[in-house]
Protein chains: 2
Amino acid sequence: MATPRKQVLIDTAYRLFNQHGYHATGIDRILADSGVSKATLYKHFKSKEELILEVLQQRHEQLYAMLERAMQENKSSHPALALFDALNNWFQSEHFYGCNFIKAGGEYPQIQDPIHSFSAWHKNSVSQLLSRYLPENQQYLSNAFCLLADGAIIAAQIRGQKDAAKQAKIFAQQLLTAHI
Amino acid sequence: MATPRKQVLIDTAYRLFNQHGYHATGIDRILADSGVSKATLYKHFKSKEELILEVLQQRHEQLYAMLERAMQENKSSHPALALFDALNNWFQSEHFYGCNFIKAGGEYPQIQDPIHSFSAWHKNSVSQLLSRYLPENQQYLSNAFCLLADGAIIAAQIRGQKDAAKQAKIFAQQLLTAHI
DNA sequence: ATTGAAATGAACAGGTCTGTTCACTATCCT
DNA sequence: AGGATAGTGAACAGACCTGTTCATTTCAAT
């Protein structure tokens with residue numbers, strides 16, 4: 001069963017946005033790479049912005065599910081630390097181009113922009129997910145883990161520091177044990 | 001004494017890049033806002049890319065000098081912690097739109113791109129500056145502080161969490177005291 | 001007052017951008 | 001067989017993009 005055209009567009013756009021950025025990726029390039037006609041794109045999405053939002057929406061669902069699974073499986077000493085194992089796997093993969101939401105929030109800096117506010121919402125929901133896997137008396141560490149995680153993403157993306165997640169995990173561990 | 005045209009262009013471009021991003025800011029908008037003619041721009045800069053690089057260069061010098069001064073003045077309990085006080089001041093200012101270098105590295109994702117590699121170089125030089133203000137036996141904390149700092153920048157920029165630097169400072173303090 | 005450097009304004013070239021429209025085709029369901 | 005659904009290809013509009021060119025103006029230093 002062939003992939004529906006709409007999904008082909010989303011997948012292609014996702015890849016191109018990652019490789020080249022949102023503004024730098026034109027509609028025509030997405031169409032050429034996906035082999036879909038322009039009329040079809042504008043039947044499924046009323047604008048480029050809507051396509052971007054759907055790409056981010058799907059990416060959010062993937063990521064959220066992946067993190068939740070990782071923390072439930074709990075291979076690390078503490079469930080919340082599994083976040084950094086997941087990050088590490090991501091950084092090692094060929095398809096790591098930084099965080100979509102950080103980059104989208106950077107390219108659309110106005111907080112009232114739907115793309116920016118969706119990115120903010122995503123980051124908030126990850127923070128809340130994290131706090132569900134921290135004990136009652138260590139809720140405040142959710143913020144620390146978010147800082148370390150986003151910092152690691154930046155280090156890996158900008159500086160090419162692919163071991164950033166491993167380092168972040170060590171520091172997160174130290175914070176956990178510092179206050180038991 | 002009037003500001004030279006070249007500097008007017010750099011200042012205007014800096015503001016517009018911050019407010020709207022690099023791709024989203026066209027040359028014509030920079031010219032209109034600065035009141036400089038197009039011929040003059042292309043006498044001082046051979047391309048838009050060169051203008052971006054000079055904007056980043058000046059920003060790097062400002063930032064680096066500011067951080068070095070903050071750590072030398074050393075109003076916090078530990079010189080390296082002054083980084084977070086500086087970040088906090090920045091986040092509170094009206095002119096905070098996130099880190100130029102993170103956003104530039106996001107909009108120009110190819111590591112061989114001069115804009116991306118300059119951003120990487122900037123982040124590395126801040127990391128080295130930091131390690132100069134950490135004792136011999138705590139050098140590894142330079143990485144931790146970088147992660148916390150960049151994470152705080154993202155939290156403030158994307159999520160509007162303006163107290164991110166204050167939180168980051170607390171966690172940095174805990175890491176410092178955890179290993180004395 | 002003259003010269004020379006610096007900047008201007010305006011037009012132009014050649015692309016690229018998003019988004020629209022329309023006649024036509026392929027496919028599946030009944 | 002007939003009709004609905006989905007997609008194609010191509011052309012078009014109108015705006016915006018970077019970068020070039022050149023005749024003209026401004027202005028400070030000599």
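Sequence lines set the chain letters: A, B, ... in the order given, protein chains first and strands last, and positions in each chain run from 1. All figures in this text were calculated on a predicted structure; none of them were measured in a lab.
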Does A/Phe145 have its ring centroid less than 6.0 Å away from the ring centroid of A/Phe84? yes
Spacing between A/His23 atom NE2 and D/dA15 atom P, to the nearest angstrom: 20 Å
Check whether the ring centres of A/His20 and A/Tyr97 lie less than 6.0 Å apart, and answer yes or no. no
Could you tell me the separation between the CZ atom of A/Arg29 and the P atom of C/dT18, rounded to a whole number of Å? 13 Å
In whole angstroms, how far is the C1' atom of D/dG7 from the CG atom of A/Leu41? 12 Å
Is there a chain of hydrophobic side chains (I, L, V, M, F, W, Y, each step under 4.5 Å between heavy atoms) that links A/Tyr64 to A/Leu83? yes
When clusters are formed by joining ILVMFWY residues with side-chain heavy atoms under 4.5 Å apart, either directly or through shared neighbours, do B/Ile10 and B/Leu63 land in the same one? yes
Once base and sugar-phosphate atoms are separated, protein heavy atoms under 4.0 Å mark nucleotides 19-25 of chain D, 5' to 3', with B, S and - as BBBB---
Using a strict 4.0 Å threshold on nitrogen-to-oxygen distance, state whether B/Asp33 and B/Arg29 make a salt bridge. yes
Between A/Lys48 and A/Tyr22, is there a side-chain heavy-atom distance shorter than 4.5 Å? no
Does a side-chain heavy-atom distance below 4.5 Å link A/Phe91 with A/Asp163? no
N/O (side chain, A/Thr40) to phosphate O (OP1/OP2, D/dG7) under 4.0 Å: no
Do other residues, nucleotides or ligands put more than 12 heavy atoms under 6.0 Å from the NZ atom of A/Lys162? yes
Rounded to whole angstroms, how far apart are CG on A/Leu31 and P on C/dT16? 15 Å
Distances for protein N or O near nucleotides 4-6 of chain C N or O, under 3.5 Å:
none

